[in-house]
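The block underneath contains the structure these notes are about, expressed in structure tokens.
Numbers here are sequence positions counted from 1. Whatever order the structure lists ligands and atoms in, that order sets their numbers, starting from 1.
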Amino acid sequence: MGFLDTEREALDALLPGLDATLAGHSLAELERPGGPAVAAFREAGGAALLVPAQNTGIGADPLQAVRLQRAVGARCPSLAVATTMHHFSVASLVETAKHGAGFEWMLLEAIVGKRMLLASGFSEGRTGQSILRPTIRAERRGGDVVLNGSKKPCSLAHSMDLLTASVVMTDDSGTPRLAVAIVPADTPGLSVRPFWRSTVLAGAESDEVVLEDVTLDAQMVVLTDVGADSVLDALHISGFLWFELLMTAGYLGTASALVERVLRHGRAPATVRAELVTDVNAAMLAVEAVARTMRESQVWGEPLLVDALMARYAAQDAIARTTRTALETLGGMSFITSDEGTYLASAAAGLSFHPPSRQGMAESLCAALNGEPLHVG
Ligand SMILES: Cc1cc2nc3c(=O)[nH]c(=O)nc-3n(C[C@H](O)[C@H](O)[C@H](O)COP(=O)(O)OP(=O)(O)OC[C@H]3O[C@@H](n4cnc5c(N)ncnc54)[C@H](O)[C@@H]3O)c2cc1C
């Protein structure tokens with residue numbers, strides 16, 4: 001079993017042909033804005049990955065999903081980021097559907113049938129602002145809800161069919177609560193503006209989505225149990241678990257692509273090659289351990305999310321170590337003749353920039369390990 005074989009087998013089994021299609025393009029082509037990767041993912045049926053089989057989806061389990069996502073990140077870092085946002089939104093919809101009125105199941109089947117892609121807008125482009133405290137207000141007007149504000153960066157901004165966005169809405173007692181709005185991309189008042197200026201991960205389409213007097217049927221806005229204290233409900237624990245694991249696996253895939261180049265290069269000493277493979281695979285094993293627990297247990301609690309966060313932060317360090325050593329090992333001629341190595345190293349560093357930040361979580365993680373509830377944000 002060669003390096004990344006297990007992951008590529010998972011990808012080929014669940015989304016046949018996608019790996020070969022991606023491998024047929026250069027990294028630069030895949031990573032440019034408007035590149036072919038998102039369309040290839042849609043064509044391969046990727047929208048259905050986490051939709052349960054009884055709702056006509058593929059129903060991948062967490063272990064299969066993280067392996068697949070590592071393989072995607074090894075071919076196209078931007079696609080791994082963008083599709084993590086889609087899968088995270090779908091997984092949250094599946095969780096909501098368990099307690100919902102029934103329209104969520106219809107939506108899930110439409111996602112499969114029409115190969116719809118979901119963007120996920122939680123961030124509002126301000127450093128230090130918790131993703132659990134959005135400023136977008138959802139105002140009730142009769143049977144409708146009206147949204148105003150903007151989400152940035154929002155991956156898949158140009159390819160999305162539906163936007164899921166965090167908003168604040170008052171509940172029946174007048175208390176402000178976090179809610180998730182589901183907005184069809186062609187709703188009047190929704191527009192997309194340029195936001196992402198870096199060339200790194202530009203293929204993820206992380207631009208700004210603007211909402212101006214966007215009017216929705218009230219059933220398209222789902223209230224959560226998260227209030228001002230940011231203590232998490234089951235929906236958020238599930239959402240964060242999927243998000244952290246898929247994001248980490250994707251970025252580990254990107255670092256693995258660089259390690260794979262060292263293995264193919266052939267001239268590196270065995271001690272260096274073994275060190276690189278051990279480091280990146282050990283980080284993936286931690287992700288897989290959490291995924292296996294998700295697969296085996298129906299109840300996902302805070303301790304599992306604490307494990308997922310620790311696996312993610314440990315992966316950030318493994319990525320930093322392996323990409324630095326891999327670049328040095330590939331050498332100056334590789335650096336001079338192609339920017340693929342430096343691109344993969346820069347892209348893999350992106351894991352540090354997704355919520356919740358390690359510094360922001362340090363106090364909360366220590367408190368949780370002391371038996372207190374986990375606060376995120
Ligand atoms: C490739 C990519 C794609 C993205 N796509 C999406 C998307 O589709 N949807 C979406 O909603 N968002 C997306 N985001 C945005 C992401 O969710 C974050 O909201 C955003 O990157 C946070 O920006 P920030 O690092 O400046 O802010 P912050 O996370 O607020 O933190 C900045 C830094 O401040 C420090 N810090 C923060 N809090 C504390 C604290 N309490 N104590 C000490 N130090 C602290 C940390 O060093 C931290 O790294 C994407 C980001 C990237 C990189």
Kindly state if [atom] has a protein heavy atom within a strict 4.0 Å cut-off, that is, under 4.0 Å?
| atom | value |
| --- | --- |
| atom 23 (O) of ligand 1 | no |
| atom 33 (C) of ligand 1 | no |
| atom 28 (P) of ligand 1 | yes |

Transitively linked via ILVMFWY side-chain contacts under 4.5 Å: Phe195 with Val183?
no

Of the side chain and backbone of Ser357, name the one, both, or neither that has a heavy atom under 4.0 Å from an atom of ligand 1.
side chain

At under 4.0 Å between heavy atoms, is it the side chain or the backbone of Trp196 that contacts ligand 1, or both, or neither?
side chain

Residue pairs passing the salt bridge (charged side-chain N to carboxylate O under 4.0 Å, His left out) test with at least one member in residues 330-349, sequence neighbours excluded, are Arg261-Glu340

To which protein heavy atom is [atom] closest, and what is the distance rounded to 0.1 Å?
| atom | value |
| --- | --- |
| atom 43 (C) of ligand 1 | Gln359 CB, 3.8 Å |
| atom 26 (O) of ligand 1 | Thr127 OG1, 2.7 Å |
| atom 8 (O) of ligand 1 | Ser155 N, 2.7 Å |
| atom 41 (N) of ligand 1 | Gly360 CA, 3.5 Å |
| atom 17 (O) of ligand 1 | Pro355 CD, 3.2 Å |
| atom 30 (O) of ligand 1 | Gly128 N, 2.5 Å |
| atom 2 (C) of ligand 1 | His354 CE1, 3.4 Å |
| atom 19 (O) of ligand 1 | Ser123 OG, 2.8 Å |

What is the distance from atom CG of Leu79 to atom CG of Leu18, rounded to the nearest 0.5 Å?
6.5 Å

Gap between atom CD of Glu302 and atom NE2 of His236 - 0.5 Å precision
13.0 Å

In terms of atom number and element, which parts of ligand 1 are under 4.0 angstrom from non-hydrogen atoms of [X]?
| X | value |
| --- | --- |
| Cys154 | 7 (C), 8 (O) |
| Phe122 | 10 (C), 11 (O) |
| Ser206 | 3 (C) |
| Met85 | 7 (C), 8 (O), 9 (N) |
| Val81 | 1 (C), 3 (C) |
| Leu201 | 1 (C) |

Does the pair Arg264/Glu260 count as a salt bridge with the N-to-O cut at 4.0 Å?
yes

Identify whether the distance between the nearest side-chain nitrogen and carboxylate oxygen of Lys98 and Glu95 falls below 4.0 Å.
yes

For Ser159 and Arg42, does a side-chain donor sit closer than 3.5 Å to a side-chain acceptor?
no

Min N/O separation [X] to ligand 1 under 3.5 Å:
| X | answer |
| --- | --- |
| Ser120 | yes |
| Phe353 | yes |
| Pro153 | yes |

Could a heavy atom of Ala204 be found less than 4.0 Å from some atom of ligand 1?
no

